[in-house]
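When a residue number appears, it is its place in the shown sequence, counting from 1. Read the numbers this way: they start at 1 and go in the same order the structure lists the ligands and their atoms. Everything quoted here is computed from the prediction, not taken from an experiment. Side chains are part of it too, since the values below use all heavy atoms of this structure and drop only hydrogens, waters and symmetry mates.
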Amino acid sequence: MKKHNFSAGPSILAEEVKENTAKAVQDLNGIGLSVMEISHRGKDFQAVMDETVALFRELLDIPANYHVLFLGGGASLQFCMVPFNLMKNKAAYLETGTWAKKAIKEAKAFGEVDVVGSSADKNFNYIPKGFTIPTDADYFHITTNNTIFGTEIHEDYDSPVPMVADMSSDIFARPVDISKYGIIYGGAQKNLGPAGATFVIIRDDILGKVDRHIPTMLDYKTHIDKESMFNTPPCLPIYACLETLRWLKKLGGVKVMQQMNQEKAALLYDEIDRNALFVGTAEKDSRSLMNICFVMNDKYQDLEKEFLEFATSKGMVGIKGHRSVGGFRASTYNAMPKESVEALIGVMQEFEKKHA
Ligand SMILES: *Cc1c(COP(=O)(O)O)cnc(C)c1O
């Protein structure tokens with residue numbers, strides 16, 4: 001049976017990304033060696049790294065005064081690297097979910113954290129509005145897509161201080177005005193590739209302002225100076241990211257991706273709003289195009305387990321909601337075809353016929 005992969009992360013990759021990566025695992029570009037068994041400093045892997053960075057720049061329209069890095073440690077290490085490198089006294093954070101809270105926790109070890117807005121009062125089902133970013137903060141940190149709660153910031157804020165964004169789960173899902181950010185980072189395993197690679201887009205003029213000693217590996221400057229080759233980068237995950245970027249470019253780039261994401265999300269949200277059995281958890285203007293969260297309507301609470309089993313029997317994978325929200329979460333990342341969203345909608349309608 002065809003599997004429809006709605007997993008939140010690690011998550012769906014395009015078929016040709018998997019096929020081409022599998023080929024490179026056997027033999028990279030016909031050189032007779034696997035991408036896993038060659039020097040990261042040799043010309044064959046250097047070409048992989050160079051093309052990956054070049055496609056990042058091209059597809060996201062990254063200005064020349066930014067660097068693109070590939071590191072280890074996941075987005076979670078960035079929660080610590082950001083304050084380590086940027087915080088003198090105080091930083092501002094927008095608290096929009098579990099990942100934002102984890103970033104805040106790390107920052108507190110380095111100075112004062114000003115939580116300028118929070119949606120904790122409603123279990124993070126909306127993006128706060130009307131908050132003020134203090135001009136004496138060293139930076140302002142946001143999480144653009146809240147993978148667990150299904151909310152998303154759909155604009156690039158104006159910030160009086162360098163803006164830092166965790167874009168783990170919506171990078172390449174829409175055009176971004178990079179010039180409004182000081183740092184954008186994320187783990188690859190949501191919208192870009194397999195787990196293991198962490199991307200960082202950084203404007204270098206924001207560095208060099210703190211006095212503390214920064215361990216070599218945690219210092220962005222190390223990785224900028226050595227172009228992500230200070231130590232061995234995650235070569236195979238980076239190769240798979242390259243294949244995703246090639247695929248994305250072939251489909252027409254980030255704008256086309258955004259249209260497709262809007263279309264897929266609209267289909268599923270329309271069904272959630274129409275279907276008597278289900279109700280969406282995020283406030284409408286904060287709804288994520290990447291992670292679509294819904295629960296059983298009050299009257300049908302006791303059908304939750306049955307729907308999960310029913311959907312699973314029809315090939316739906318990874319739709320169980322995170323335990324902090326409950327219900328269901330369908331992740332509709334870039335690589336998710338519209339057909340899979342339609343298949344899920346079909347399952348929801350079939351289940352409705354049985355019960356409503
Ligand atoms: C998954 C996720 C993380 C955690 O990423 P790791 O690479 O596992 O550290 C952080 N932030 C967001 C928004 C995520 O979706």
Geometric class of the Phe79/Tyr185 ring pair [parallel <30°, tilted 30-60°, perpendicular >60°]: perpendicular
Hey, which atoms in ligand 1 end up nearer than 4.0 Å to a heavy atom of [X]?
{"X": "Asn145", "answer": "13 (C)"}
{"X": "Gly74", "answer": "7 (O), 9 (O)"}
{"X": "Thr143", "answer": "13 (C)"}

Report the part of [X] (side chain from C-beta onward, or backbone N, CA, C, O) that has a heavy atom under 4.0 Å from ligand 1; answer both or neither where that applies.
{"X": "Phe79", "answer": "side chain"}
{"X": "Ala75", "answer": "both"}
{"X": "Lys190", "answer": "side chain"}

Electrostatic pair Glu58-Lys249, nearest N-O below 4.0 angstrom: yes
Can you tell whether the side chains of Asp138 and Lys209 come within less than 4.0 Å, N to carboxylate O? no
Give every residue pair that meets the salt bridge (Lys or Arg N to Asp or Glu O under 4.0 Å) criterion with at least one member in residues 275-296, sequence neighbours excluded.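 Pairs touching residues 275-296 that pass the test: Lys122-Glu283, Lys129-Asp285, Asp273-Lys284, Asp273-Arg287.
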When you measure from atom 11 (N) of ligand 1 to every protein heavy atom, which one gives the shortest distance, and what is it? Asp166 OD2, 2.6 Å
Measure the distance from atom 9 (O) of ligand 1 to every protein heavy atom, then report the residue, atom name and distance (to 0.1 Å) of the closest one. Ser76 OG, 2.6 Å
Check contact between Asn146 and ligand 1, using heavy atoms of the residue and a distance below 4.0 angstrom.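 The answer is no: ligand 1 sits nowhere under 4.0 Å from a heavy atom of Asn146.
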Would Gln189 count as a contact of ligand 1 if the rule is a heavy atom under 4.0 Å away? yes
Does NZ or CZ of Lys190 lie under 6.0 Å from the centre of the six-membered ring of Trp99, at an angle within 45° of the ring axis? yes
ILVMFWY network linking Val113 to Phe140, side-chain heavy atoms under 4.5 angstrom: no
Output field: ring centroids Tyr220/Phe84 closer than 6.0 Å: no
